[in-house]
Amino acid sequence: MTFQDAVRTCLQVKYSDFSGRARRSEYWFFALFNVILSVVANMLNSLLHLPNIGFLGGLLPLVISLALLVPGIAVGIRRLHDTGRSGLWLLIAFVPVVGAIVLIVLVVQDSPPQPNAYGASPKAITSSA
C-alpha cells in the first residue's frame, strides 16, 4: 500500500471502521501522515500567531488532532486485529512508558496470511489480486 492509498483509506474509505484488518503499511503510513500534519500545523500556528490553549498547545494543531482522532483509533484497532488481537489492546498505551513500548511491539509484528477472527488477511487479498 502506498502513502497516498493509506491516507485515502483511513480518511475516506474506513474513517470510522473499527472492524476488519489493516496491514502494517496502512498503519505506519497513516502514522507518518499524522506526524507530518502535526509539524506543519505547529509551524503554521506559530507563523500565524494563533493562540495557545494552555498545555493543549496551539489552536490549529488541536483542531487537526481532533479531526484525526477517530481514524487514528480505527486504524490502530484494525492493525491489532491483523495481528490476531482485540482492539482493546490499544488501551495499553495509557500505561506510562511501558504501555507505549508494548503497543509498538504489537503493531510492528507481521500478521499471519490466513484469515483470523477479524476477517481475511489484507496481505492475502492484495497478493492474489
Side-chain angles (χ1 to χ4, degrees):
M1 177 172 278
T2 66
F3 181 81
Q4 292 87 357
D5 290 339
V7 172
R8 187 178 307 110
T9 299
C10 291
L11 292 181
Q12 292 177 352
V13 179
K14 297 182 177 182
Y15 184 87
S16 61
D17 186 3
F18 299 96
S19 62
R21 296 168 66 168
R23 293 185 67 175
R24 283 184 291 185
S25 58
E26 179 182 347
Y27 178 82
W28 289 110
F29 279 142
F30 191 68
L32 177 63
F33 174 74
N34 277 330
V35 169
I36 292 170
L37 212 54
S38 294
V39 169
V40 170
N42 278 306
M43 288 191 306
L44 282 174
N45 197 73
S46 294
L47 288 172
L48 298 174
H49 302 292
L50 295 175
N52 282 333
I53 307 170
F55 68 93
L56 295 174
L59 180 62
L60 188 59
L62 177 64
V63 170
I64 289 174
S65 294
L66 289 175
L68 295 177
L69 181 65
V70 172
I73 292 171
V75 75
I77 289 173
R78 290 194 313 271
R79 178 68 203 130
L80 288 167
H81 285 174
D82 195 40
T83 64
R85 292 177 179 81
S86 167
L88 291 174
W89 274 98
L90 202 60
L91 296 174
I92 201 164
F94 290 112
V95 176
V97 183
V98 176
I101 293 169
V102 170
L103 188 59
I104 288 171
V105 169
L106 294 179
V107 298
V108 164
Q109 292 178 348
D110 195 9
S111 58
Q114 65 270 13
N116 65 18
Y118 302 103
S121 171
K123 185 183 294 187
I125 293 169
T126 305
S127 63
S128 66

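All residue numbers in this chain count up from 1 along the given sequence.
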### Query
With the 4.5 Å side-chain cut-off for hydrophobic clustering, are L47 and V39 part of the same group?
no
### Task
For the residue pair L68 and L11, establish whether any side-chain heavy-atom pair is separated by less than 4.5 Å.
yes
### Task
Indicate, with yes or no, if L103 and I101 share a hydrophobic cluster defined by side-chain heavy-atom contacts under 4.5 Å among Ile, Leu, Val, Met, Phe, Trp and Tyr.
no
### Query
Can you tell if the side chain of V70 reaches within under 4.5 Å of the side chain of F18, non-hydrogen atoms only?
yes
### Query
Should V97 and V105 be counted in the same cluster of Ile, Leu, Val, Met, Phe, Trp and Tyr side chains packed under 4.5 Å apart?
no
### Check: N45 side chain, A41 main-chain N or O, donor-acceptor pair, under 3.5 Å
no
### Summary
When rounded to the nearest 0.5 Å, the distance separating CZ of R8 from OG1 of T2 is 7.0 Å
### Query
Hey, any chance V98 and I92 share a hydrophobic cluster, counting ILVMFWY side chains that come within less than 4.5 Å of each other, even indirectly?
yes
Below 3.5 Å, can you tabulate the donor-acceptor pairs from side chains in residues 26-36 to any protein atom, sequence neighbours excluded?
unit_1	atom_1	unit_2	atom_2	d
E26	OE2	R78	NH2	2.7

### Query
Quick one: do Y118 and L91 end up in the same hydrophobic cluster if we chain Ile, Leu, Val, Met, Phe, Trp and Tyr together by side-chain heavy atoms under 4.5 Å apart?
no
## Note on the structure
Heavy atoms of L106 and R85 approach each other most closely as CD2-NE, 3.2 Å
### Query
What closest approach, in Å, do S121 and P113 show between heavy atoms, and which atom pair accounts for it?
CB-O, 3.1 Å
### Task
Assess the side chains of R23 and S25: does a donor N or O sit below 3.5 Å from an acceptor N or O?
no
### Task
Output the distance between atom CG (N42) and atom CG (L62), rounded to the nearest 0.5 Å.
10.5 Å
### Query
How far apart are the closest heavy atoms of C10 and P71, and which atoms are they?
O-CB, 3.4 Å
### Task
Can you tell me which residue pairs pass the salt bridge (Lys or Arg N to Asp or Glu O under 4.0 Å) test with a partner in residues 100-120, sequence neighbours excluded?
R24-D110, D110-K123
#### Entry: Nearest-0.5 Å distance, CD1 of residue I73 to OG of residue S16
11.5 Å
### Task
Provide the closest heavy-atom pair for T83 versus L80 in the form atom of the first, atom of the second, distance.
OG1-O, 2.8 Å
### Message
Could you report the tightest heavy-atom contact between S111 and R21, atom names first, then the distance?
### Response
CB-NH2, 4.0 Å
### Message
So, taking the atom named CD1 in I64 and the one named CG in L37, what distance separates them when rounded to the nearest 0.5 Å?
### Response
4.5 Å
